[in-house]
Amino acid sequence: MNLLLEGLREMLGAEPRRPAPEDYSEEARKLHAFKKTPEERERRRRMIAEELAHKKESFAWRKWRWPTIIVINLLFVISYHFDVQLVEGALTASRVLGFHFADLNSALQVMLAFKEVLINLLIGVTTVAILWWLVGGRSFCAWTCPYHLVSEWVEMLHLRLAAKGWARDIPLDRRLRTVLYVVFAALAFGTGYMVYEWISPVGILSRAIIYGTWISLGWIAVLLFIELFFVRRMWCRYMCPIGMTYSFIGATSPTVVHYDLEKCLHEGECRKVCLVPHVLEITKKGRATRPHIDIGADCTRCAMCIEACPTGALSFRIKGLDKLL
Ligand code: SF4
Ligand code: SF4
């Protein structure tokens with residue numbers, strides 16, 4: 001099984017596949033066999049006891065992630081209101097220190113709508129693609145997107161309401177996002193308008209924060225209402241073409257979340273907190289085909305799983321370098 005292709009297949013909406021016996025490496029097979037022995041039960045007991053004894057707090061990535069999103073978005077506001085030409089524009093298209101930046105999906109929509117390859121846009125797209133490839137592709141979602149932040153706050157509330165039985169999480173078909181991606185591209189090409197931009201919560205929220213166009217926030221309120229009561233993280237999980245574009249970019253990124261089968265107790269704490277739990281299917285008992293695996297393309301590098309894992313089986317890694325943390 002080619003893990004990169006499998007990650008891309010899952011990103012397009014396919015369900016994770018159960019590996020065939022021949023997919024397992026010898027080392028992974030031995031580890032899985034060991035995990036069924038009495039020695040492993042003893043090792044688990046010891047690991048849990050040690051964890052409880054030390055109960056040291058894992059590194060709180062969220063304390064860095066939330067301020068990062070706020071600061072990046074505030075830079076646009078300050079620049080616009082005080083005419084500091086540090087950053088100009090909005091998240092969909094901007095100039096930072098004179099360099100053109102363009103959101104990949106918005107740039108695609110513009111070029112399809114105008115049926116023209118615009119040089120400035122192409123420069124912006126290339127800069128953005130290289131930058132986000134380096135830091136992990138969909139890390140744009142977890143570390144920059146303002147909608148991610150508000151949706152994350154709503155998710156916290158949703159989980160509380162769901163625990164009381166006042167909210168539900170109705171699963172949707174993940175292929176919906178791929179369909180929407182094609183539909184919006186076709187609409188831009190066919191109509192000459194960037195139809196997606198009218199409903200993109202990323203663009204709407206970014207422009208509202210910078211230019212004060214709060215009247216356009218009704219759509220965001222509708223999305224958040226649905227996410228609060230009916231479908232957990234609906235937009236980011238099942239719909240957003242921007243997230244999908246960055247997943248493509250991140251598929252081969254050097255910055256990844258890394259899984260260590262030996263340290264994993266398979267209790268599933270990581271999958272409970274993950275925006276895209278299908279990428280953590282390998283953490284289920286018997287599913288990892290290698291002792292060390294980099295998490296698939298859809299991962300946003302939000303680090304929630306790293307914080308949630310009680311035994312340090314998940315960590316950030318830059319390919320080719322030693323583990324960062
Ligand atoms: S999926 Fe879309 S809305 Fe969600 S965080 Fe990513 S870019 Fe933002
Ligand atoms: S795998 Fe971990 S880092 Fe990636 S999206 Fe899920 S919780 Fe976040």
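Indexing begins at 1, ligand by ligand and atom by atom, following the structure's order. Basis for what follows: all heavy atoms, side chains included, without hydrogens, waters or symmetry-related copies.
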Below 4.0 Å, non-hydrogen atoms only: which portion of Val273 touches ligand 2? Side chain, backbone, both or neither.
neither
On a heavy-atom basis, which atom in Thr311 and which in Cys264 lie closest, and how many Å separate them?
OG1-CA, 4.4 Å
State, yes or no, whether a side-chain contact exists between Arg138 and Cys236 at a heavy-atom distance under 4.5 Å.
yes
To atom 3 (S) of ligand 1, the nearest of Trp143, Tyr238, Trp235, Phe140 on a heavy-atom basis is Trp235
Which of the numbered atoms in ligand 2 are under 4.0 angstrom from any heavy atom belonging to Arg301?
3 (S), 4 (Fe)
Contact partition for Ala303 relative to ligand 2, non-hydrogen atoms under 4.0 Å
backbone
For ligand 2, indicate whether the residue Val276 contacts it via side chain, backbone, both or neither (heavy-atom separation under 4.0 Å).
side chain
Which atom of Leu12 lies closest to which atom of Thr178, heavy atoms considered:
O-OG1, 2.6 Å
Atom indices of ligand 1, in the order listed, that fall short of 4.0 Å to a heavy atom of Cys240
1 (S), 2 (Fe), 3 (S), 7 (S)
Contact check, side chains of Met11 and Val276, non-hydrogen atoms, under 4.5 Å:
no
Atoms of ligand 1 close to His148 [distance to a heavy atom under 4.0 angstrom, numbered from 1]
5 (S)
Heavy-atom closest pair, residues Leu314 and Ile306
O-CG2, 3.6 Å
Is the closest basic N to carboxylate O distance between Asp23 and Arg17 below 4.0 Å?
no
Minimum-distance protein heavy atom relative to atom 8 (Fe) of ligand 2
Cys302 SG, 2.3 Å
Close-contact set for ligand 1 against Ile242 heavy atoms, below 4.0 Å
7 (S)
Salt-bridged, Arg65 to Glu307, with N to O below 4.0 Å?
no
Could you tell me which atoms of ligand 2, counted from 1 in the order shown, lie closer than 4.0 angstrom to a heavy atom of Thr300?
4 (Fe), 5 (S), 8 (Fe)
Is Lys30 salt-bridged to Glu27, going by a charged N under 4.0 Å from an acidic O?
no
Should one rank Cys236, Cys274, Gly136 by closest heavy-atom distance to atom 6 (Fe) of ligand 2, which comes out on top?
Cys274
For the rings on Phe225 and Phe229, is their centre-to-centre separation under 6.0 Å?
yes
Would you indicate whether the side-chain heavy atoms of Leu134 and Thr255 approach each other to under 4.5 Å?
no
For atom 2 (Fe) of ligand 2, what's the nearest protein heavy-atom neighbour? Residue, atom name and distance, please.
Cys305 SG, 2.2 Å
Kindly confirm whether atom 8 (Fe) of ligand 1 is within less than 2.8 Å of some N/O/S atom in Cys145?
yes
Val279 heavy atoms, cut-off 4.0 Å: which ligand 2 atoms fall inside?
1 (S)
Proximity of Val257 to ligand 2 by residue part, where a heavy atom lies under 4.0 Å
side chain
Which atoms of ligand 1 sit under 4.0 Å from any heavy atom of Arg138?
1 (S)
Note, Pro254 side chain near Trp133 side chain (heavy atom, < 4.5 Å):
yes
What protein heavy atom sits nearest atom 4 (Fe) of ligand 2, and how far away is it?
Cys299 SG, 2.4 Å
